[in-house]
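Keep in mind that this is a model prediction, so the values were computed, not measured.
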Amino acid sequence: MTSLRPGEVASQMQRLPRGVMLWELAGENEAVVVAKIASVAADRESWLQLVATPELSARDRCSLTEMGIAAFIHHPEDLPRLRQMVQGHFARAGRVLH
């Protein structure tokens, strides 16, 4: 797991064919992050994208889902419920995480 600034995402993703990207949406970075989400969705369909955010309107959730966001995380306690989704993502590539 690596923490990146939005501008560092593309170079990191070039090195890996598949992965999971957890984006944090906060007021000060929303526009930059949404642009990166759209870019990843267009260029790297093999990446599973998740968004951590305290709250989103139904309209914003729909928009992000259309851009390829697979799940929304509102609290750290939400992460375990995504285990099966993440394992399935890597299983499709022939790699299963344990």
Side-chain angles (χ1 to χ4, degrees):
M1 181 181 295
T2 304
S3 178
L4 302 172
R5 292 180 176 150
E8 300 170 323
V9 170
S11 63
Q12 274 292 346
M13 293 179 85
Q14 295 293 330
R15 296 191 281 147
L16 300 169
R18 178 177 293 270
V20 176
M21 182 64 67
L22 174 59
W23 299 100
E24 180 183 13
L25 272 185
E28 69 276 359
N29 74 351
E30 284 184 14
V32 173
V33 171
V34 169
K36 291 295 181 183
I37 289 169
S39 174
V40 169
D43 297 338
R44 295 295 211 161
E45 294 177 4
S46 61
W47 279 71
L48 182 67
Q49 295 192 81
L50 313 171
V51 168
T53 183
E55 193 172 307
L56 284 176
S57 69
R59 179 179 175 200
D60 289 343
R61 287 174 65 97
C62 286
S63 295
L64 289 168
T65 300
E66 289 175 4
M67 286 186 218
I69 296 300
F72 296 90
I73 301 166
H74 301 292
H75 305 284
E77 297 82 18
D78 294 340
L79 286 169
R81 72 177 171 83
L82 301 176
R83 180 178 179 202
Q84 189 172 10
M85 178 190 301
V86 171
Q87 286 179 329
H89 176 72
F90 285 99
R92 285 189 294 279
R95 251 179 81 200
V96 179
L97 296 178
H98 296 283

A.B. asks: Using 0.5 Å steps for rounding, measure from the CE atom of Met85 to the CG atom of Leu50.
C.D. replies: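 Rounded to the nearest 0.5 Å, the CE-CG separation comes to 7.0 Å.
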A.B. asks: Nearest 0.5 Å please: distance from the CD atom of Glu66 over to the CZ atom of Arg61.
C.D. replies: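 So the CD of Glu66 and the CZ of Arg61 are separated by 13.5 Å.
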A.B. asks: Could you state the interatomic distance from CG (Leu48) to CZ (Phe90), rounded to the nearest 0.5 Å?
C.D. replies: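 Answer for the CG-CZ pair, Leu48 versus Phe90, is 8.0 Å.
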A.B. asks: If I take atom CD1 from residue Ile69 and atom CH2 from residue Trp23, how far apart are they, to the nearest 0.5 angstrom?
C.D. replies: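 Between Ile69 CD1 and Trp23 CH2, I get 8.0 Å after rounding to 0.5 Å.
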A.B. asks: About how many Å separate CD of Gln49 and CH2 of Trp47, when rounded to the nearest 0.5 Å?
C.D. replies: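 The CH2 atom of Trp47 sits 9.5 Å away from the CD atom of Gln49.
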A.B. asks: With a 3.5 Å distance limit and no angle check, can you tell me whether Asp60 reaches the backbone of Leu56 through a side-chain donor-acceptor pair?
C.D. replies: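 Checking the backbone N and O of Leu56 against the side chain of Asp60, no donor-acceptor pair under 3.5 Å is found.
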A.B. asks: For a side chain to side chain contact (heavy atoms under 4.5 Å, CB included) check, start with the C-alpha distance between Phe72 and Asp78, then their side-chain angles and the critical distance, and finish with the verdict.
C.D. replies: CA-CA 9 Å; Phe72 296 90; Asp78 294 340; over 6 Å; no
A.B. asks: Scan Leu82, Val51, Thr53 and name whichever one has a side-chain contact (heavy atoms from CB on, under 4.5 Å) with Ile73.
C.D. replies: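 Going through the options one by one, the only one that passes is Leu82.
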A.B. asks: What are the two closest heavy atoms between Ser46 and Arg18, and how far apart are they?
C.D. replies: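 The pair with the smallest heavy-atom distance is O-CG, 3.3 Å.
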A.B. asks: I'd like to know whether CZ of Arg81 has more than 12 heavy-atom contacts from other residues, nucleotides or ligands below 6.0 angstrom.
C.D. replies: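 Check passes, neighbour count above 12.
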A.B. asks: Counting N and O atoms only, with roles assigned by atom type, does the side chain of His89 sit under 3.5 Å from a partner on the main chain of Gly19, one being a donor and the other an acceptor?
C.D. replies: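 The answer is yes, because a donor-acceptor pair under 3.5 Å joins these two groups.
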A.B. asks: As an exercise, state the distance from OG of Ser39 to NZ of Lys36, rounded to the nearest 0.5 Å.
C.D. replies: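 Here the rounded value is 6.0 Å.
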A.B. asks: May I have the step-by-step check of side chain to side chain contact (heavy atoms under 4.5 Å, CB included) for Met21 and Ile37, ending in yes or no?
C.D. replies: CA-CA 9 Å; Met21 182 64 67; Ile37 289 169; over 6 Å; no
